[in-house]
Amino acid sequence: MRAAVLRNVGDKTLDVCDDVDLIDPEPNDVVVDITHTGVCHSDLSVMNGTIPQTVPLILGHEGAGVVAEVGDAVTSVSPGDHVIAVWSPPCGTCVYCLRHKSPNLCVDLQFGIMLRRQFRQGDVEVASMCGVGTWAERTLVPEQAVVRIDASIPLDTAALVGCGVMTGVGAALNTAKVAPGSSVVVFGVGGVGVSAIQGARVAGAAEIVAVDRNLAKLAVARSFGATEAVLPEELDAAKAEVNDGQGFDYALECIGHPATMRAAFDAVRRGGTCCIVGVGRMEEQVSFSAFEFFFAEKNLVGSYYGGADVRVDFHRMLRLAETGRLDLAGMIDRRLRLEDINDGIEALQTGDVVRQIVEL
Ligand code: APR
Ligand code: ZN
């Protein structure tokens, strides 16, 4: 089958091959024909080493498709079912899944499937991003790594729910818990930032200010519900307009640079919440004075997969889309074929796109 393979960390392009195979499914596995998959910044972050993964590797972690085959022990899905892939599947039994009610933080399955390498190219074992690998016509994952959806739901927008939408909307609703009538600033207007803006709107925020260095993205932010959109150098003026100039109630950082993480923290008022959604490099640091946490009493919180229980929250996202409260279709601003994936990666680098969808 066709798949896009990353040979080395640091490579600027992927090899689109047509001789990739899957291993045979084990009893708990599901084989999925991927029909649509998004191009998320985290894919690029694997290519440039920000997110560590083993190579050779098949990228893609935001995808949807149709179940082709299931192992003997699989009970939750059958061939023909439509599903969204989950890049951090809950095992359902560990302390995070049960005691801490944080199934997004369960790594029992994820670490195992990342090491398994379900793809082959000739004699070479090929790994997959987070054990998912949706930039391939077909993938194989444990049944916990798919969520069944109604066959009437378009699979292109469903794919977006698998990462960007869940991450951004979930950060606003589940992690930051944006309150009605509050003020929110969102840093970065990519797929994740647009989702965070929409999440803040769903939560009933009174002011939603978007910040992006790409001028074209400011109009995009407004079209998804930002009440104001500014370049980074204009943020101080926008901040002066809310909460008597004290700062925003919430900041959602959807870029992943130390400087924007720090700027997000500085943008919130005393007692406000700064939620870091973006993924930076492990060796990079963000600094805080030892005094400011005491004095400003700000909350600094990370958000992983939008704090979601995917088994419940994917359906919540789809219901919000179905009832017109989230615009998922409008987020897709470019459609690609797998052969054009390198064009897609280039477009992502310039920050001009919200979400590109690869149709397989
Ligand atoms: N200041 C302001 N805006 C910036 C800056 C900056 N220093 N750097 C980048 N941006 C903007 C880009 O112009 C772009 O509009 O941030 C946006 C990022 O969008 P995408 O590249 O599409 O990223 P996305 O897929 O939304 O992911 C954002 O969330 O899940 C994580 O790993 C992901 O860290 C990444 C972040
Ligand atoms: Zn992603």
Side-chain angles (χ1 to χ4, degrees), residues 37-53 59-64 84-88 104 129-130 132-135 159-172 175 185-199 209-221 224 226 229-235 238 251-264 267 275-282 284 286 302-308 310 331-334 344-358:
T37 176
V39 183
C40 172
H41 200 101
S42 298
D43 296 300
L44 187 60
S45 295
V46 171
M47 293 179 72
N48 65 29
T50 302
I51 297 177
Q53 300 273 289
L59 287 167
H61 60 284
E62 181 180 275
I84 299 176
V86 178
W87 58 257
S88 182
N104 61 317
M129 182 164 174
C130 299
V132 180
T134 55
W135 293 0
L160 302 184
V161 172
C163 183
V165 168
M166 191 66 257
T167 298
V169 177
T175 315
V185 58
V186 176
F187 286 74
V189 184
V192 176
V194 161
S195 301
I197 291 167
Q198 298 203 72
V209 175
V211 187
D212 202 293
R213 66 178 175 197
N214 182 336
L215 198 60
K217 286 294 185 70
L218 306 187
V220 172
F224 283 98
V230 297
L231 295 167
E233 56 271 28
E234 299 164 339
L235 178 61
L252 300 165
E253 199 278 355
C254 305
I255 298 172
H257 296 323
T260 47
M261 292 178 185
R262 180 66 229 197
C275 176
I276 305 295
V277 189
V279 184
R281 299 186 74 91
M282 274 195 208
E284 288 175 337
V286 186
S303 187
Y304 187 81
Y305 218 157
V310 293
M331 289 174 61
I332 300 173
D333 47 10
R334 203 162 170 233
I345 289 160
E346 215 179 299
L348 187 64
Q349 238 142 2
T350 61
D352 290 332
V353 280
V354 173
R355 252 333 178 238
Q356 305 172 88
I357 277 280
V358 181

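Remember, it's 1-based here, ligands and their atoms both numbered in the order they're listed.
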message: Looking at G60, is its backbone amide N or carbonyl O close enough to the side chain of D43 to form a donor-acceptor pair, meaning the two atoms are under 3.5 Å apart?
response: yes

- prompt: Only one of V354, V169, L160 clears side chain to side chain contact (heavy atoms under 4.5 Å, CB included) with S195; which?
  reply: V169

- line: Looking only at protein heavy atoms, what sits closest to atom 35 (C) of ligand 1 is I255 O, 3.6 Å

task: Taking the side chain as every heavy atom from C-beta outward, state whether I345 and M47 have any pair of such atoms under 4.5 Å apart.
output: yes

- line: The atoms of ligand 1 lying under 4.0 Å from a heavy atom of T260, numbered in the order shown, are 1 (N), 6 (C), 7 (N)

message: Which of the numbered atoms in ligand 1 are under 4.0 angstrom from any heavy atom belonging to N214?
response: 13 (O)

- request: State the atoms of ligand 1, each with its element, that fall below the 4.0 Å cut-off from a heavy-atom position in G191.
  value: 22 (O), 26 (O)

query: Which heavy atom of the protein is the closest neighbour of atom 26 (O) of ligand 1, given with residue, atom name and distance?
result: V192 N, 2.9 Å

- prompt: Which is it for V165 and Q198 under the side-chain contact (heavy atoms from CB on, under 4.5 Å) test, yes or no, and what are the steps along the way?
  reply: CA-CA 9 Å; V165 168; Q198 298 203 72; over 6 Å; no

task: Run the numbers for me: atoms of ligand 1, each under 4.0 Å from some heavy atom of H257, listed by number.
output: 7 (N), 8 (N)

- prompt: Can you list the atoms of ligand 1 that are under 4.0 Å from a heavy atom of V189?
  reply: 15 (O), 17 (C)

- prompt: With distance as the sole test, does E284 use its side chain to make a donor-acceptor pair with the main-chain N or O of V286 at under 3.5 Å?
  reply: no

query: Under a 4.0 Å heavy-atom limit, does S42 contact ligand 1 with its side chain, its backbone, both, or neither?
result: both

field: Enclosure of E234 CD (heavy-atom neighbours >12, cutoff 6.0 Å)
entry: yes

message: Are any of the N/O atoms on V279, whether in the backbone or the side chain, positioned under 3.5 angstrom from an N/O atom of ligand 1?
response: yes

statement: Of G188, A259, A263, the one whose closest heavy atom lies nearest atom 16 (O) of ligand 1 is G188

- prompt: What heavy-atom pair brings Q53 and C130 nearest, and what distance separates the two atoms?
  reply: OE1-N, 2.9 Å

- request: Check for a donor-acceptor pair, side chain of K217 on one end and backbone N or O of V189 on the other, with a separation under 3.5 Å.
  value: yes

query: Hey, is R213 touching ligand 1 through its side chain, its backbone, both or neither, going by heavy atoms under 4.0 Å?
result: both

query: Going by heavy atoms in the side chains, are S88 and N104 under 4.5 Å from each other?
result: no

Student check: side-chain heavy atoms of F224 and M331 closer than 4.5 Å: yes

task: Say whether, by atom type as modelled, one donor and one acceptor occur between the side chain of Q356 and the main chain of G344 under 3.5 angstrom.
output: yes

- line: Contacts of Y305 meeting ring-ring contact (aromatic ring centres under 6.0 Å, His included) (sequence neighbours excluded), chain-then-number -> W87

query: Got a donor-acceptor contact below 3.5 angstrom from the W135 side chain to the H61 backbone?
result: no

- request: For C254, take its heavy atoms, then give the atoms of ligand 1 lying under 4.0 Å from any of them.
  value: 28 (C), 36 (C)

- prompt: What atoms in ligand 1 come closer than 4.0 Å to a heavy atom of G351?
  reply: 15 (O)

query: Can you check whether R355 reaches C40 side chain to side chain, under 4.5 Å on heavy atoms?
result: yes

query: What protein heavy atom sits nearest atom 13 (O) of ligand 1, and how far off is it?
result: D212 OD1, 2.7 Å

field: Environment of the Zn ion (ligand 2) in terms of protein N/O/S atoms, cut-off under 2.8 Å
entry: C40 SG, H61 NE2, C163 SG

message: Among all the protein's non-hydrogen atoms, which is closest to atom 19 (O) of ligand 1, and how far away is it?
response: G190 CA, 3.2 Å

task: Would you mind checking which non-hydrogen protein atom is closest to atom 23 (O) of ligand 1, with the distance to 0.1 Å?
output: H41 CB, 3.1 Å

task: Compute the minimum heavy-atom distance from R355 to ligand 1 and say whether it is under 4.0 Å.
output: yes

message: Determine whether a donor-acceptor pair (N or O, by modelled atom type, separation under 3.5 Å) exists between the side chain of T37 and the backbone of E62.
response: yes

task: Go through ligand 1 atom by atom and flag the ones less than 4.0 Å from a non-hydrogen atom of L348.
output: 21 (O), 22 (O)

